[in-house]
Student: 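Before we start, here is the structure in question, set down as structure tokens.
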Amino acid sequence: MIRLICRENDNDIEFMKKISAQGEWSTRLAFIFAATGSAVGLGNIWKFPYITGENGGGAFVLVYLLCIALIGVPIMMAEILLGRRGRQSPINTMRDLAKEAGAKPYWRWLGWLGVIAGFLILSYYSVIAGWAMAYFVRVSTGVFEGATADGVSSIFGQFVADPEKLLAWHSLFMIMTMLVVARGVKGLERAVRFLMPALLVLLLLLVVYAMEQGDFAQALNFLFSADFSKITSESILTAMGHAFFTLSLGMGAIMVYGSYLPDKVSIGSTTLIIALADTAVALLAGLAIFPLVFANGLEPSSGPGLIFQTLPIAFGHMDYGSVFGGLFFLLLVFAAWSSSISLIEPAVAWLVENKNMSRMRACILSGTTTWLLGIGTVLSFNLTADVRLFDKTFFDLLDYLTANIMLPLGGLCIALFVGWVMSRDDSMAELKMKRPLAYGIWIFLLKYISPTAVLIVFLNVIGII
Ligand code: PFF
């Protein structure tokens, strides 16, 4: 049921504000868990460590943290704000809010950009989540007991060389995702409440293990002492892109979740909690993995296989390793699951709203498309590993295009829209910030700092500045 509330905006034009057709989060905490569920995922535990390894460590981490604070947090607030004000799928929200602000309807393309980015990301995200599922089975059945670093690496090599296995796991994960999206996210949201804290506890446990058994000092040095000679314009782009990716920004996922947010909830403090939780998980993952990397003579720059080549060594040697290891990969699968549903939600919400489809049909259509696309990623680790475009495999290309270009571009448009197109009164009313200073800092970051930073990084990479 859609409830309409009349409200006056500053032009004295009556503006109809809707409660989302899909309902609302029951409490602020429900939203925090859902949004943190979307943010915390493979990006934190699988991607952050390996891109940090590939980009030289400390300086990269520092740039990433700066991007989270100066670009990510202000844009996340803006994206939630847009969602709550529009209360529809991102495409329709942008269309209506542009109209409300007297701007051109082209802003709805921002919604489209997000839908496409969501498809592309989920297509490879699902393949990697499939790896985590396969590793759940392997670790818990004791495959790695007593394994050496070489043994673990060769098991990983054999695994990704087998397209049929990867395809089977990818298919299973896609089915799991679509089932949850089709039947509503309530069940998973309830589960995430317990699973996320459990994941945090397990990560802490791994950090303690890595402190005792790994080369913790070298890992700390690698992660936190900044050597700027290792930084290139490409690595700055990767750090910025990852800030968007890890916070699920720039593609409408957080906007859709914002559209179910009750009116009275404060967007500012809620955003800070989500960003802090997300950053903490990424840093803990780094602290768990790098001590093992250095203690076992592995290369920090081993790429997407890094966690699959390091953590099993730890699980293979600790007491009850197969129990803890199995649990860890299981929780990683859940973290990926709660992120993947938010990747497809903007598309499904739009199909339901505009094409009058049932949720089930919308899921089957978008799920099948994503699954097909995922086959490209499956093959890029084996049969087509040598096929390169711009020196990148299919997986690398998708990852680069989405995380480094589409999400920052989406984020840039969000910042420009809320900062420059939407009226101050509207953004102020939606944020409900009690302190004018806090609003002033936010709008300054959003209007000037975030867009300029994104533009500079883009121009720098193309070589214009
Ligand atoms: N934030 C998720 C992660 O770090 O794994 C990935 C993601 C989810 C990106 C949803 C974008 C998104 F819209």
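We count ligands from 1, going down the list as the structure has it; atoms in each ligand are counted the same way.
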Student: When you measure from atom 4 (O) of ligand 1 to every protein heavy atom, which one gives the shortest distance, and what is it?
Tutor: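 Among all protein heavy atoms, the one nearest atom 4 (O) of ligand 1 is Ala39 O, 2.9 Å.
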Student: Using a strict 4.0 Å threshold on nitrogen-to-oxygen distance, state whether Arg359 and Glu353 make a salt bridge.
Tutor: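 No, Arg359 and Glu353 are not salt-bridged.
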Student: Below 4.0 angstrom from a heavy atom of Ala253, which ligand 1 atoms are there? Numbered from 1 as shown, please.
Tutor: 13 (F)
Student: May I ask you to check whether Ser342 has an N/O atom sitting below 3.5 Å from an N/O atom of ligand 1?
Tutor: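 No; the residue has no nitrogen or oxygen that sits under 3.5 Å from a nitrogen or oxygen of the ligand.
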Student: Of all the atoms in ligand 1, which lie at a distance below 4.0 Å from a heavy atom belonging to Leu42?
Tutor: 5 (O)
Student: Can you tell me which residue and heavy atom of the protein come closest to atom 10 (C) of ligand 1, and the distance to 0.1 Å?
Tutor: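 Looking only at protein heavy atoms, the one closest to atom 10 (C) of ligand 1 is Ser248 OG, 3.3 Å.
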Student: Should one rank Phe48, Tyr125, Phe245 by closest heavy-atom distance to atom 1 (N) of ligand 1, which comes out on top?
Tutor: Phe245
Student: Go through the side-chain N and O atoms of Arg84 and Thr93 and say whether any donor and acceptor fall under 3.5 Å apart.
Tutor: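 Short answer, no.
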Student: To check your reading of the model: name the closest protein heavy atom to atom 2 (C) of ligand 1, its residue, and the distance in Å.
Tutor: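 Nearest neighbour among protein heavy atoms for atom 2 (C) of ligand 1, to 0.1 Å: Ser38 O, 3.3 Å.
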Student: N/O to N/O below 3.5 Å, does that happen between Gly43 and ligand 1?
Tutor: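 Between Gly43 and ligand 1, an N or O pair is found under 3.5 Å apart.
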Student: Do Asp278 and Asn44 have side-chain atoms, one donor and one acceptor, less than 3.5 Å apart?
Tutor: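 Side chains of Asp278 and Asn44: pair found under 3.5 Å.
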Student: Between Asp263 and Arg87, does at least one N-O distance fall below 4.0 Å, as a salt bridge requires?
Tutor: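 A salt bridge is present here (some side-chain N lies under 4.0 Å from a carboxylate O).
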Student: Return yes if a side-chain donor-acceptor contact under 3.5 Å exists between Ser171 and Trp371, otherwise no.
Tutor: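 Checked: Ser171/Trp371 side chains pair up, N/O donor to acceptor below 3.5 Å.
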Student: Strictly below 4.0 Å, N to O, side chains only: are Lys47 and Asp399 in salt-bridge contact?
Tutor: yes
